[in-house]
2 protein chains.
Amino acid sequence: MHIPELRNIVIIGAGNVATNLALALKDKGEKIIQVYSRTEKSAKTLADIISSSYTDDLKKINMNSDLYIISVPDSAIIPVLKHLSLKNKFIVHTCGSMDMDILKHASSNYGVFYPLQTFSRNRKADFTETPVCIEANNIAYQEALMNLAKLLSDKVYIINSGKRKILHLAAVFACNFPNYMYRIAEKITENNDIPFDILRPLIKETTGKIMTNSPSGVQTGPASRKDTDTIEKHIDMLSEYPDFKQIYELITRNILNDK
Amino acid sequence: MHIPELRNIVIIGAGNVATNLALALKDKGEKIIQVYSRTEKSAKTLADIISSSYTDDLKKINMNSDLYIISVPDSAIIPVLKHLSLKNKFIVHTCGSMDMDILKHASSNYGVFYPLQTFSRNRKADFTETPVCIEANNIAYQEALMNLAKLLSDKVYIINSGKRKILHLAAVFACNFPNYMYRIAEKITENNDIPFDILRPLIKETTGKIMTNSPSGVQTGPASRKDTDTIEKHIDMLSEYPDFKQIYELITRNILNDK
């Protein structure tokens, strides 16, 4: 089997994921020949960092690349694809919630490169520790993508579209919702002139426990120990925050009923 | 002002907080002369680790101690106090949600030593990094407690009972509820034969961001970017988990409406 080499890369998108991925690729010596973004400014910003060319015109996408990575917001993928006809060039998207097959009209060789991480443009993620979920529509390109993924990360998984979507859903519970819980804690403390910083060691230790334990084994708090007196006091204290009160009541009820 | 020295300590309780606190005190050379627990076995287990005597009889509490630390479940504090008459011996509790004044019938000198952390008996917490919130009903003992707290932790705060209760409520959002979100993620992945471990780097990075950022500034995910297509897909996928679906919908609605 001939495994294609993915030497020249075009990145379509310049957001959080595209930026972190481009930086990681460049760090490993990969050649990014072009960045596309809908806005010239975003394209130029990323292109300048990684020393590539850039465009804001999909008609000017370089056609001599080995790999096209689409990393735009989910809702922009289909509109972008309408303007791309890559024949047999290898194209992947980086999205958790979209089928691989949405790419099939753009090329005969396609796949997914989904880094399971929360990225910010202003914070360089440790890609080595980032799980990367890959799939491709044929074995040769799956191997090629595997080689590329392994260059970047120690944790590469072959995951089909169905399981990837489940992971993406689980990630909302593992990342986005905990962060919103932190926001609530921040609002409650700051409204009472208490610095949020006092809660950071608690947040750190809560996550520290999870790194080596199952969350089921380390649940603590009033609901976990069926301490209804404290729960009632908390609900009283939340009377001025009806939204937070509703969240408190719902999650508490779930913890109380949890086996 | 004469600041009392707190040399000999009796610990009433042998649970997660009592155990971690006793270990930290012993590490710093404090003398724990007795451990009380309702069950002899628990009392002995902790007493053996820290080389102290123990009892399961409140009538046999050693009356020659400088400090009595009550660290029992919230609901057990009042029943325990009924059996304690310490005159002017200094007594504190370690509870986030209880007024300091509940101790006033047990002694004329009382206070609170509240470590803001999630403790497990089988995991030794880093007490140096644990914020400790103290208060006392007089300045001399407040200073004495401050000295003791500073021996254990780099982060000591004088916090009154009202603010401490708010912190305790905020801690539920900062610790217990995120852990329950992890449990949901664990159930969803494991029900689909995906190892929960694949989510750990994401959890670590989510918390890593919070250590140097405000949670308001680093919210990500479908709700944060108003991606209603993905939200609808997720809600569909949760049809077999009605409880998780309800939680997903409520938190998503709050993030969508968040300013």
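Below, read A as the first sequence line, B as the second, and so on, with proteins coming before strands; counting in each chain starts at 1.
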For this session: Determine the minimum heavy-atom distance between B:Tyr182 and A:Ala174, stating which atoms define it.
Result: CE2-O, 3.4 Å

For this session: Please report the closest heavy-atom contact between B:Met181 and A:Ile251, naming both atoms and the distance.
Result: CE-CD1, 3.5 Å

Exercise. Under a 4.5 Å heavy-atom cutoff, which of B:Val218, B:Thr206, B:Asp227 has the most pairs with chain A?
Worked result: B:Thr206

For this session: Write down the atom of A:Lys209, the atom of B:Thr118, and the distance for their closest heavy-atom approach.
Result: NZ-OG1, 2.7 Å

Exercise. Can the ring centroids of A:Phe177 and B:Tyr248 be said to lie less than 6.0 angstrom from one another?
Worked result: yes

Problem set entry | A:Ser216 and its side chain to side chain donor-acceptor pair (under 3.5 Å) partner, picked from B:Glu186, B:Arg183, B:Glu190, B:Lys187 | B:Glu186

Problem set entry | Top contributor to chain B contacts, counting heavy-atom pairs under 4.5 Å, from A:Thr228, A:Asp243, A:Ile210 | A:Ile210

For this session: State the CD1-CE distance between B:Ile203 and A:Met211, to the nearest 0.5 angstrom.
Result: 5.5 Å

Problem set entry | Any donor-acceptor N/O pair, B:Lys155 side chain to A:Ile198 backbone, under 3.5 Å | no

Problem set entry | Largest heavy-atom contact set with chain B, pairs under 4.5 Å, which of A:Ala171, A:Gly96, A:Pro73 | A:Ala171

Problem set entry | Most chain A-contacting option - heavy-atom pairs closer than 4.5 Å, from B:Gly162, B:Ser75, B:Ala125, B:Ala185 | B:Ala185

Exercise. Can you tell me if NZ on A:Lys226 sees more than 12 non-hydrogen neighbours from other groups inside 6.0 Å?
Worked result: yes

For this session: Check each atom of A:Ser224 against the heavy atoms of chain B and say whether the ones under 4.5 Å are side chain, backbone, both or neither.
Result: neither

For this session: Count the heavy-atom pairs under 4.5 Å between each of B:Glu129, B:Lys163, B:Gln117, B:Gln246 and chain A, then report the option with the highest count.
Result: B:Gln117

Exercise. Do you know which of B:Cys175, B:Cys133, B:Ala223 has the most heavy-atom pairs with chain A at a distance under 4.5 angstrom?
Worked result: B:Cys175

For this session: Under 4.5 Å heavy-atom distance to chain B, tell me which part of A:Asp193 shows up: side chain, backbone, both or neither.
Result: both

Exercise. Does one side chain, of B:Asn179 or A:Thr220, offer a donor that lies under 3.5 Å from an acceptor on the other?
Worked result: no

Problem set entry | Closest heavy-atom pair and its distance - B:Leu199, A:Ala170 | CD1-CB, 3.9 Å

Problem set entry | Partner chain B: residue of A:Asp74, A:Asp229, A:Thr189 with the largest heavy-atom pair count (under 4.5 Å) | A:Asp74

Problem set entry | Identified side chain to side chain contact (heavy atoms under 4.5 Å, CB included) counterpart of A:Leu167 within the set B:Ile188, B:Asn192, B:Ile194 | B:Ile194

Seminar exercise, completed: Answer key: most heavy-atom pairs under 4.5 Å with chain A among B:Gly208, B:Ser214, B:Gly221, B:Pro178 is B:Pro178

For this session: Heavy-atom distances under 4.5 Å only: say whether A:Lys204 touches chain B with side chain, backbone, both or neither.
Result: both

Exercise. Of the backbone (N, CA, C, O) and the side chain (C-beta and beyond), which part of A:Arg200 lies under 4.5 Å from a heavy atom of chain B, both, or neither?
Worked result: both

For this session: Please answer whether the main-chain N or O of A:Asn176 pairs with a side-chain N or O of B:Gln219 as donor and acceptor at a distance below 3.5 Å.
Result: yes

Seminar exercise, completed: Closest non-hydrogen contact found for B:Thr212 with A:Arg123 is OG1-NH1, 4.1 Å

For this session: Would you mind telling me which of A:Arg253, A:Arg225, A:His168 has the largest number of heavy-atom pairs within less than 4.5 Å of chain B?
Result: A:His168

Seminar exercise, completed: Separation between CD1 (A:Ile231) and CG (B:Leu169), nearest 0.5 Å, reads 12.0 Å

Exercise. Between A:Asn191, A:Asp197, A:Asn213, which residue shows the highest count of heavy-atom pairs closer than 4.5 Å to chain B?
Worked result: A:Asn213

Seminar exercise, completed: Interface check, chain B: of A:Thr252, A:Thr207, A:Thr130, most non-hydrogen pairs under 4.5 Å belong to A:Thr207

Problem set entry | Interchain contact, A:Phe196 with chain B, by part (heavy-atom threshold 4.5 Å) | side chain

Problem set entry | Considering all heavy atoms, the nearest A:His234-B:Val172 contact | CE1-CG2, 3.6 Å

